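Predicted model only: the values in this text are computed from it and were never measured.
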Amino acid sequence: MKRKSINPNILGFVFVSIIGTVNHFVFEWSNESVIAGIFTPINESSWEHLKLIFFPYLVFSIIQYSFFGKSKSLAFSKAIGVTVGMATILAIFYTYSGIVGKNIDTINILSFFIGVSVAFLVDSKMQKSSTFDDLYYNVIGISLFVLLIIMFILFTFAPPLIPLFKDPISDTYGI
C-alpha cells in the first residue's frame, strides 16, 4: 500500500495562518516587549500587520528546508511567495477601504488568509518550475529575506511618516 506524504504547502498554510493569527496579540500579551514587537505587530498600521504573514512564513520556510527536502529554488520561491502574499494583503486592504471609505475587520482577516494562500500558491508553482533552480536565484531569495527582516526591524523603531506605517487608531508611528 502506498503511503501518502504530507503536502508541505497545506501544512505551511495551516502553520502560517495559526501562528500569524496568534501573533496579532503577542505584543500586547508580552506587556509590549520590544523583542516581541520586532516580530509581531506593535500597532494597527498596514505595515505592522505584514509581520503576521512574514515571520511565520520565514519560520515555516526554515522548517520546510530542514524536514521536507531541499528544492533547488526553495529560498527564491519562498521569498517571492511571501512578498507576493504581502502585496496581495495590501492590495485588498487599500482597494476595498478606498472604495468603501472605512476599515472592515472581517475583510482584513479574510485578506490575511487570501494573502497566505497566494503566497503558498506562488511559492509552489515556482518550486515546480526548473527556471529558478540556479544558485544565483537562491542567493537573491536569501538576500530578499534579509532585506525584509532589516526593514521590519528598522521600521518598527523608525518608520517613514507615510500612511502605510501610521496606526489609524492612535495616529502614531512605530514604538
Side-chain angles (χ1 to χ4, degrees), residues 8-68 70 74-94 97 103 105 107-120 122-123 138-175:
N9 293 313
I10 293 171
L11 187 61
F13 172 82
V14 171
F15 178 88
V16 172
S17 296
I18 291 170
I19 301 301
T21 300
V22 170
N23 279 353
H24 189 274
F25 307 99
V26 168
F27 183 66
E28 184 180 333
W29 291 344
S30 72
N31 221 14
E32 298 186 359
S33 162
V34 172
I35 300 298
I38 291 171
F39 304 104
T40 63
I42 59 164
N43 62 36
E44 293 298 318
S45 72
S46 300
W47 173 261
E48 286 294 316
H49 277 72
L50 295 178
K51 292 176 182 179
L52 297 177
I53 184 175
F54 179 78
F55 285 108
Y57 202 93
L58 175 61
V59 168
F60 185 77
S61 298
I62 294 166
I63 291 168
Q64 185 173 355
Y65 177 80
S66 300
F67 295 105
F68 290 100
K70 293 154 180 67
L74 188 74
F76 185 69
S77 64
K78 290 287 181 190
I80 298 302
V82 76
T83 302
V84 172
M86 291 188 302
T88 300
I89 292 167
L90 292 175
I92 292 169
F93 174 75
Y94 284 109
S97 64
N103 211 337
D105 287 340
I107 298 175
N108 294 341
I109 293 166
L110 185 59
S111 74
F112 168 71
F113 293 113
I114 292 170
V116 174
S117 298
V118 168
F120 279 102
V122 168
D123 168 7
N138 277 325
V139 170
I140 292 172
I142 291 167
S143 299
L144 180 56
F145 270 120
V146 169
L147 176 64
L148 287 166
I149 291 167
I150 291 167
M151 290 172 63
F152 277 116
I153 293 169
L154 177 65
F155 296 155
T156 295
F157 300 99
L161 302 179
I162 60 174
L164 177 66
F165 300 92
K166 185 177 185 179
D167 182 340
I169 295 170
S170 68
D171 285 336
T172 60
Y173 296 86
I175 285 185

Check: Taking side chain as C-beta onward, heavy atoms only, is N43 less than 4.5 Å from K166?
Finding: no
Notebook entry, point to check: Looking at A36 and V26, what are the two nearest heavy atoms and their distance?
Noted result: CB-CG1, 4.1 Å
Next item on the list: Heavy atoms only: give me the nearest P159-G174 pair and the separation to one decimal.
Entry: CG-N, 3.5 Å
Notebook entry, point to check: Backbone N or O of S45 within a donor-acceptor pair of the D167 side chain at under 3.5 Å?
Noted result: no
Margin query: For the NE2 atom of H49 and the CG atom of N23, what is their distance to the nearest 0.5 Å?
Written below: 11.0 Å
Checklist line | Minimum-distance pair of heavy atoms, taken over all atoms of S46 and Y94 | finding: OG-OH, 3.1 Å
Item checked: Expected output: side-chain E44 to main-chain P168 donor-acceptor under 3.5 Å -> no
Next item on the list: Check step by step if side-chain contact (heavy atoms from CB on, under 4.5 Å) holds for I80 and L144.
Entry: CA-CA 8 Å; I80 298 302; L144 180 56; 4.2 Å; yes
Next item on the list: Look up atom CD1 in I19 and atom OG1 in T40, then write down how far apart they are to the nearest 0.5 Å.
Entry: 12.5 Å
Notebook entry, point to check: With distance as the sole test, does S111 use its side chain to make a donor-acceptor pair with the main-chain N or O of N108 at under 3.5 Å?
Noted result: yes
Checklist line | Min side-chain heavy-atom separation F54-L50 under 4.5 Å | finding: no
Check: Hey, what's the ring geometry for F60 with F15, parallel, tilted or perpendicular (30° and 60° as the breaks)?
Finding: tilted
Item checked: Gap separating the CG atom of L58 from the NZ atom of K51, nearest 0.5 angstrom -> 13.5 Å
Next item on the list: Please report the closest heavy-atom contact between S117 and F13, naming both atoms and the distance.
Entry: OG-CE1, 3.2 Å
Notebook entry, point to check: Say you draw a straight line from NZ of K78 to CG of D123; how long is it, rounded to the nearest 0.5 Å?
Noted result: 3.5 Å
Notebook entry, point to check: Do you know which two heavy atoms are closest between V16 and F112, and how far apart they sit?
Noted result: O-CZ, 3.7 Å
Note to self: Ignoring hydrogens, what is the shortest heavy-atom contact between I53 and A119? Give both atom names and the distance.
What the structure shows: CD1-CB, 4.2 Å
Next item on the list: Look up atom OG1 in T83 and atom CE in M86, then write down how far apart they are to the nearest 0.5 Å.
Entry: 4.5 Å
Next item on the list: Walk me through it: do Y173 and F155 pass the test ring pair (Phe, Tyr, Trp, His ring centres under 6.0 Å)?
Entry: CA-CA 9 Å; Y173 296 86; F155 296 155; over 10 Å; no
Next item on the list: Check the pair F165, I162 against side-chain contact (heavy atoms from CB on, under 4.5 Å), reporting the backbone distance first and the verdict last.
Entry: CA-CA 6 Å; F165 300 92; I162 60 174; 3.4 Å; yes
Margin query: Around atom CG of N31, are there more than 12 heavy atoms from other residues, nucleotides or ligands closer than 6.0 Å?
Written below: no
Next item on the list: Evaluate the side-chain proximity of F120 to I10: yes if any heavy-atom separation is below 4.5 Å, no if none is.
Entry: no
Check: About how many Å separate OH of Y57 and OG of S17, when rounded to the nearest 0.5 Å?
Finding: 11.0 Å
Next item on the list: Look at the rings of F55 and F152 and say which category their plane angle falls in: under 30° parallel, 30 to 60° tilted, over 60° perpendicular.
Entry: tilted
